[in-house]
Amino acid sequence: MRALKLHEITLADRLADMAVDALIDEADLSPKPALVDRRGNGAHSDLHLGLMHASALSLWPMFKEMAEAAIEFGEVGLPLREALGRIGREGEQAMLVTTHGVNTHRGAIWALGLLTAAAALEPRSITLNAARLALLNDRYAPQPMSHGAQVAQRYGARGAREEAQLGFPSVVQRGLPQLHKSRQHNAGEQNARLDALLAIMTELADTCVLYRAGPEGLLAMQQGAQAVLDAGGSATLAGRRQLHELDLQLLALNASPGGAADLLAACLFIDRLDGAL
Ligand SMILES: CC(C)(COP(=O)(O)OP(=O)(O)OC[C@H]1O[C@@H](n2cnc3c(N)ncnc32)[C@H](O)[C@@H]1O)[C@@H](O)C(=O)NCCC(=O)NCCS
Ligand SMILES: Nc1ncnc2c1ncn2[C@@H]1O[C@H](COP(=O)(O)OP(=O)(O)OP(=O)(O)O)[C@@H](O)[C@H]1O
């Protein structure tokens, strides 16, 4: 009888699993203010939960390839940075084929791509190495007038690039501590994740919100998120009422916090990795 040859599970496979799981968990988490979730499409006419799932799954080979590149190059440097840029751009194309041209996960490819590569290099200094990678200039990256670039010009806002270059302060200083705190207070896992998202929203210059709703929208997002946490968080009735208010307010402003959602996925990825070490 011929022996069955089993596929060996590699570190790159596991990291790709964790990155995709983080994206699926972020999409499923409900009720998120003005974002795609189990209830509906939030402020996005072109998105829905099934599309977010399909998009997340389409990115699995890309995350695996990024982890493999990190293992192969073995250190932070321009060769790895430029390989990640190429793999990320190809991943974005795969995403756009899956979604028929809709931007479901552009920001997430950036944040989770860097973190996946950094985790493959050295799981214990992941945000530091992700930042060092983000600081390197990819000579082949196109410089399109993206929404982020437009609001950076108009409002001087710190966007996805700078968040990564600073080592993801919204995740390290806001999201993760709030996730742990709400868990300690027995909020329940879904509420703890919602609280982590809100903590990220309290200070983030989310360029998705700025592009769609200007500084007024950004202020509404930051203050509304703080109000939910001040009222006791998502696990309390008072907090839930504030969260409902915030959802209505952001929907009225068409202000979807897509950047905060990406950073929640980054937060869940790091949390999962910490649990697996
Ligand atoms: C740096 C990126 C994110 C482009 O940023 P830019 O602000 O110019 O683009 P864009 O307006 O499309 O926004 C990107 C997305 O980031 C997210 N985002 C918005 N604000 C923030 C923020 N403050 N912090 C983190 N993420 C944010 C949102 O989801 C948004 O849709 C990236 O897409 C990029 O450079 N791609 C080129 C290919 C590449 O090098 N890939 C490498 C993958 S490792
Ligand atoms: N659950 C979610 N719901 C909506 N957006 C999300 C969610 N999770 C992550 N995002 C992020 O939000 C971004 C989508 O935002 P947006 O639709 O504003 O993009 P855009 O194509 O730049 O803008 P527009 O739709 O205004 O043309 C994606 O890059 C994605 O990474």
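As the structure lists them, so they are numbered: ligands from 1, and atoms in each ligand from 1.
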Exercise. Of all the non-hydrogen atoms in the protein, which one sits nearest to atom 8 (O) of ligand 1, and at what distance?
Worked result: Ser146 OG, 2.6 Å
Problem set entry | Min N/O separation Gly107 to ligand 2 under 3.5 Å | yes
Problem set entry | Any side-chain heavy-atom pair of Tyr155 and Leu218 under 4.5 Å | no
For this session: Report the part of Ile87 in contact with ligand 1, treating N, CA, C, O as backbone and CB onward as side chain, heavy atoms under 4.0 Å; options are side chain, backbone, both, neither.
Result: neither
Problem set entry | Validation row: Leu49, His53 side chains within 4.5 angstrom (heavy atoms) | yes
Problem set entry | Distance filter under 4.0 Å to Gly258 heavy atoms, resulting ligand 1 atoms | 29 (O)
Seminar exercise, completed: of all protein heavy atoms, closest to atom 25 (O) of ligand 2 is Arg212 NH2, 3.3 Å
For this session: Measure the distance from atom 24 (N) of ligand 1 to every protein heavy atom, then report the residue, atom name and distance (to 0.1 Å) of the closest one.
Result: Glu163 CB, 3.5 Å
Seminar exercise, completed: among protein heavy atoms, the one nearest atom 16 (P) of ligand 2 is His44 CE1, 3.8 Å
For this session: With heavy atoms of Asp206 as the reference, note each atom of ligand 1 found under 4.0 Å away.
Result: 19 (C), 20 (N)
Exercise. In ligand 2, which numbered atoms sit nearer than 4.0 Å to a non-hydrogen atom of Glu26?
Worked result: 1 (N), 2 (C), 7 (C), 8 (N), 9 (C)
Problem set entry | Proximal ligand 1 atoms for Gly259, defined as those under 4.0 Å from one of its heavy atoms | 17 (C), 18 (N), 19 (C), 27 (C), 28 (C), 29 (O)
For this session: Decide yes or no for Arg139 and Leu78: does some side-chain heavy atom of the first lie under 4.5 Å from some side-chain heavy atom of the second?
Result: yes
Seminar exercise, completed: Near Ala261 (heavy-atom distance under 4.0 Å), the atoms of ligand 2 are 7 (C), 8 (N), 9 (C)
Problem set entry | Arg241, CZ: over 12 other non-hydrogen atoms inside 6.0 angstrom | no
Problem set entry | His147 neighbourhood, listing ligand 1 atoms whose heavy-atom distance to it stays under 4.0 Å | 11 (O)
For this session: Report yes if Thr207 has an N/O atom closer than 3.5 Å to an N/O atom of ligand 1; otherwise report no.
Result: yes
For this session: Provide, to 0.1 Å, the distance between atom 11 (O) of ligand 1 and the closest protein heavy atom, together with that atom's residue and name.
Result: Gly148 N, 2.5 Å
Exercise. Between Arg86 and Glu82, does at least one N-O distance fall below 4.0 Å, as a salt bridge requires?
Worked result: no
Seminar exercise, completed: Here the atoms of ligand 1 under 4.0 Å from any heavy atom belonging to Arg81 are 40 (O)
For this session: Please report which non-hydrogen protein atom sits nearest to atom 44 (S) of ligand 1, along with the residue it belongs to and the distance in Å to one decimal place.
Result: Met66 CE, 3.9 Å
Exercise. Can you tell me how far the CG atom of Leu136 sits from the CG atom of Leu133, to the nearest 0.5 Å?
Worked result: 6.5 Å
Problem set entry | Test item: Phe73 and Leu121 side chains (from C-beta on) under 4.5 Å apart, heavy atoms | no
Problem set entry | Pair Asp195 + Lys181, salt bridge at N-O below 4.0 Å | no
Problem set entry | Reported CG-to-CG distance for the pair Leu47 and Leu35, which is rounded to 0.5 angstrom | 9.5 Å
Exercise. So do the side chains of Leu268 and Leu29 get within less than 4.5 Å of each other, counting heavy atoms only?
Worked result: no
Exercise. Which residue supplies the protein heavy atom nearest to atom 25 (C) of ligand 1, what is that atom called, and how far is it?
Worked result: Ala160 CA, 3.5 Å
For this session: Identify, by atom number and element, the atoms of ligand 2 in contact range of Gly258, meaning under 4.0 Å from any of its heavy atoms.
Result: 9 (C), 10 (N), 11 (C), 12 (O)
For this session: Starting from atom 31 (O) of ligand 1, find the nearest protein heavy-atom neighbour and note its residue, name and distance.
Result: Cys208 SG, 3.4 Å
Problem set entry | Atom indices of ligand 2, in the order listed, that fall short of 4.0 Å to a heavy atom of His147 | 20 (P), 22 (O), 23 (O), 24 (P), 27 (O)
Exercise. Nearest to atom 14 (C) of ligand 2, what protein heavy atom do you find, and at what distance?
Worked result: Asn103 O, 3.8 Å
Exercise. Between Arg39 and Asp247, is the closest basic N to carboxylate O distance under 4.0 Å?
Worked result: yes
Exercise. Closest heavy-atom contact between Gly113 and Phe63?
Worked result: N-CE2, 3.8 Å
Exercise. Can you tell me if Glu90 has a non-hydrogen atom under 4.0 Å from ligand 1?
Worked result: no
For this session: Could you check atom 7 (C) of ligand 2 against the protein and tell me its nearest heavy-atom contact, residue, atom and distance included?
Result: Met52 CE, 3.6 Å
For this session: Using a strict cut-off of less than 4.0 Å between a Lys/Arg side-chain nitrogen and an Asp/Glu carboxylate oxygen, indicate whether Glu26 and Arg193 qualify as a salt bridge.
Result: no
Exercise. For atom 3 (N) of ligand 2, what is the nearest protein heavy atom, given as residue, atom name and distance?
Worked result: Val36 N, 3.1 Å
Problem set entry | Within 6.0 angstrom of Arg240 CZ, more than 12 heavy atoms from elsewhere | yes
Exercise. At what distance, to the nearest 0.5 angstrom, does CG of Leu263 lie from CE of Met201?
Worked result: 11.5 Å
Exercise. Does atom NE2 of His244 have more than 12 heavy-atom neighbours from other groups under 6.0 Å away?
Worked result: no
Exercise. Atom 28 (C) of ligand 2: which protein heavy atom is closest, and how many Å away?
Worked result: Thr104 O, 3.4 Å
Exercise. Nearest to atom 15 (C) of ligand 1, what protein heavy atom do you find, and at what distance?
Worked result: Gly107 CA, 3.4 Å
Exercise. Looking at atom 4 (C) of ligand 1, what's its closest protein heavy atom, distance included?
Worked result: Arg106 NH1, 3.9 Å
Problem set entry | Validation row: Met95, Thr104 side chains within 4.5 angstrom (heavy atoms) | yes
Exercise. For ligand 1, which atoms, with element, lie under 4.0 Å from some heavy atom of Asp262?
Worked result: 17 (C), 28 (C), 29 (O)
For this session: Provide the number and element of each atom of ligand 1 under 4.0 Å from a heavy atom of Arg158.
Result: 23 (N)
Exercise. Tell me: protein heavy atom nearest atom 31 (O) of ligand 2, and distance?
Worked result: Asp262 OD1, 2.6 Å
For this session: Using a strict 4.0 Å threshold on nitrogen-to-oxygen distance, state whether Arg89 and Asp138 make a salt bridge.
Result: yes
For this session: Taking the side chain as every heavy atom from C-beta outward, state whether Leu229 and Gln178 have any atom pair closer than 4.5 Å.
Result: yes
Exercise. Does ligand 2 have a heavy atom under 4.0 Å from the side chain of Asp37, from its backbone, from both, or from neither?
Worked result: neither
For this session: May I ask you to check if ligand 2 and Ser256 share an N or O to N or O distance below 3.5 Å?
Result: no
Problem set entry | Per-atom contacts, ligand 1 versus Leu204 - under 4.0 Å to a heavy atom | 22 (C), 23 (N), 24 (N)
Exercise. If you count the non-hydrogen atoms of other residues, nucleotides and ligands that lie under 6.0 Å from CD in Glu122, is the total more than 12?
Worked result: yes
Exercise. Any non-hydrogen atom of Ala108 lying under 4.0 Å from ligand 2?
Worked result: yes
Exercise. So is Ala205 in contact with ligand 1, going by heavy-atom distances below 4.0 Å?
Worked result: yes
Exercise. Is there a nitrogen or oxygen of Leu47 sitting under 3.5 Å from a nitrogen or oxygen of ligand 2?
Worked result: no
